[in-house]
Amino acid sequence: MAETLFFNALKAAIDEEMARDPTVFVLGEDVGQYGGSYKVTKDLYEKYGELRVLDTPIAENSFTGMAVGAAMTGLRPIIEGMNMGFLLLAFNQIANNAMLRYTSGGNFTMPMVIRGPGGVGRQLGAEHSQRLETYFQAVPGLKMVACSTPYNAKGLLKSAIRDNNPVLFFEHVLLYNLKEDLPSEEYLVPLDKAEVVRRGKDVTILTYSRMRHHVLQAVPQIVKDGFDPEVIDLISLKPLDLETIGESIRKTHRVIVVEEAMKTGGIGAEIIASINDRFFDELDAPVLRLSSQDIPTPYNGTLERLTIVQPPQIVEAVQKMVGLKI
């Protein structure tokens, strides 16, 4: 075991996969000599050279299209767009051209990973605080994964690189300096499974990415109030792990969804619809959703915090859910 920072866990995953498979390569903005906007590709340029760690112009649509072509011909590109919000400029490449495995009748595989920092940081403004999962959840054939710890970041990224489908891999800008002891031996984490972070019996709290840590900050007060929450980190946003979600609901019969995405059109809306479709008879109360405000993220730090779900709101939601408002 070795204590590892979040960004170094991601770097180790890329390094290991590039060493294992010569078809894996990295491309994007400042990924080469600079080492990436959050140093996830630091030193890889020196180790693998400019043909496998390729700096690109600020032209997201173009270099994402180049990655699609590379994946079609047997390579495994890893794209970094410096900030995930910038990849909105490559929406057509991701939503249409990257789906060629399906539209070509299965003549091509499309092993490509689109990764990078996203979410609400600290005073990064609206253009740098996009939650792209809300935009891309409607794209058939696209897998979406949100890592939340150094351990699952490394294992999930290795699995994503090996997958033969396009994977949107969400990293949160405020998690890069998290530390965790990681195994020295190689490991993989499945792309389609949620993680039961804490087992409980009173209420199921579904969350992902940075909100996992907000929920865990709220848990001590929730327990102090006499409630026993079950916390599930979704990890896989598309497809949802409805087996794990259903197993928990059949035990707790109450659900709270905590997300950083905006409420309108967010991941939480899809989760609630899926729960109502499959587990409605197991519910003792309507599913409660805690989401960010439906406004562009303010630059002002105080206002920015007010748009995002905070631990006290999670505590209050649990109190409300069990009908014992304090």
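When reading the values below, keep in mind they use all heavy atoms of this one structure, side chains included, and skip hydrogens, waters and symmetry mates. Keep in mind the model is a prediction, meaning the values are calculated, not measured.
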remark   = Partner of E230 under salt bridge (Lys or Arg N to Asp or Glu O under 4.0 Å), picked from R250, K251, R198, is K251
inquiry  = Can you confirm whether or not the ring centre of Y187 sits under 6.0 Å from the ring centre of Y151?
reply    = yes
Side-chain donor or acceptor of S236 paired with backbone N/O of P239 under 3.5 Å = yes
request  = Kindly determine whether K238 and E133 satisfy salt bridge (charged side-chain N to carboxylate O under 4.0 Å, His left out), including the steps that lead there.
outcome  = CA-CA 9 Å; K238 188 177 177 66; E133 63 268 29; over 6 Å; no
request  = Answer yes when R254 and D202 have at least one side-chain N-carboxylate O distance shorter than 4.0 Å, and no when they do not.
outcome  = no
key: Other residues, nucleotides, ligands: >12 heavy atoms within 6.0 Å of I58 CD1   = no
message = Quick one, N165 and P111 - any side-chain contact, counting heavy atoms below 4.5 Å?
response = no
key: Results of salt bridge (Lys or Arg N to Asp or Glu O under 4.0 Å) for D21 - residues two or more places apart only   = R76
inquiry  = Strictly distance-based, threshold 3.5 Å: is any side-chain N or O of R101 a donor or acceptor partner for the main-chain N or O of N164?
reply    = yes
message = Please evaluate residues F227 and V322 with respect to the criterion side chain to side chain contact (heavy atoms under 4.5 Å, CB included), reporting the C-alpha separation (whole Å), side-chain torsions for both, the decisive distance (0.1 Å), and the verdict.
response = CA-CA 9 Å; F227 311 129; V322 297; 3.5 Å; yes
message = Please determine whether the number of non-hydrogen atoms from other residues, nucleotides or ligands lying under 6.0 Å from atom CD of E247 exceeds 12.
response = no
Within-4.5 Å side-chain heavy-atom neighbours: V318 and D225 = no
request  = Given side chain to side chain contact (heavy atoms under 4.5 Å, CB included), test K193 with E243 step by step and report yes or no.
outcome  = CA-CA 9 Å; K193 295 295 294 181; E243 180 179 351; 4.2 Å; yes
message = When you measure from the side chain of Q310 to the backbone of R305, do you find a donor-acceptor pair of N or O atoms at a distance under 3.5 Å?
response = yes
task = Carefully, step by step, assess I79 and V113 under the rule side chain to side chain contact (heavy atoms under 4.5 Å, CB included).
result = CA-CA 6 Å; I79 300 170; V113 177; over 6 Å; no
message = Checking D55 against Y45: is there a side-chain donor and acceptor pair closer than 3.5 Å?
response = no
key: Rounded distance (nearest 0.5 Å) linking atom CZ of R278 with atom CG of L242   = 5.0 Å
inquiry  = If we ignore hydrogens and angles and just use 3.5 Å, is the side chain of T64 paired with the main-chain N or O of A90 as donor and acceptor?
reply    = no
Between S148 and D233: side-chain donor-acceptor atoms closer than 3.5 Å = yes
request  = Using distance alone, with no hydrogens and no angle criterion, decide if D241 and T244 have a side-chain donor and acceptor under 3.5 Å apart.
outcome  = yes
ask   = Got a donor-acceptor contact below 3.5 angstrom from the R289 side chain to the V258 backbone?
value = no
task = Decide yes or no for V31 and V53: does some side-chain heavy atom of the first lie under 4.5 Å from some side-chain heavy atom of the second?
result = yes
message = Take a 6.0 Å sphere around OH of Y102 and say whether it holds more than 12 heavy atoms from other residues, nucleotides or ligands.
response = yes
request  = Flag the pair D163 / K143 as yes when at least one side-chain heavy-atom distance between them is below 4.5 Å, and no otherwise.
outcome  = yes
query = Side-chain contact, heavy-atom cut-off 4.5 Å: D228 with V223?
reply = no
note = Here the gap from E171 atom CD to L156 atom CG, rounded to the nearest 0.5 Å, amounts to 10.5 Å
ask   = Strictly under 6.0 Å, is that where the ring centroids of F170 and Y208 end up?
value = no
query = With a 6.0 Å cut-off on ring centres, are Y176 and Y38 close enough?
reply = yes
inquiry  = Is it the case that the side chains of H172 and E260 hold a donor-acceptor pair, with the cut-off being a distance below 3.5 Å and no angle test?
reply    = yes
inquiry  = Set out, in order, the CA-CA distance, both residues' side-chain angles and the distance that settles side-chain hydrogen bond (donor to acceptor under 3.5 Å, both in side chains) for N300 and E304, then state yes or no.
reply    = CA-CA 6 Å; N300 178 278; E304 181 185 67; over 6 Å; no
Cation-pi, Y34 ring and K39 (6.0 angstrom, 45 degrees) = yes
message = One pair to check against side-chain hydrogen bond (donor to acceptor under 3.5 Å, both in side chains): N152 and T149. What are the steps and the verdict?
response = CA-CA 5 Å; N152 66 38; T149 68; 3.2 Å; yes
query = Do Q137 and I267 pass the side chain to side chain contact (heavy atoms under 4.5 Å, CB included) test, and can you show the C-alpha distance, the side-chain angles, and the key distance before you say yes or no?
reply = CA-CA 8 Å; Q137 64 175 320; I267 293 293; 3.7 Å; yes
message = Can you see whether T307 engages S292 through a side-chain donor-acceptor pair at a distance of less than 3.5 angstrom?
response = no
message = If we ignore hydrogens and angles and just use 3.5 Å, is the side chain of H253 paired with the main-chain N or O of E282 as donor and acceptor?
response = yes
ask   = Passes side-chain hydrogen bond (donor to acceptor under 3.5 Å, both in side chains), T264 versus D294? Steps please.
value = CA-CA 7 Å; T264 301; D294 283 329; 2.7 Å; yes
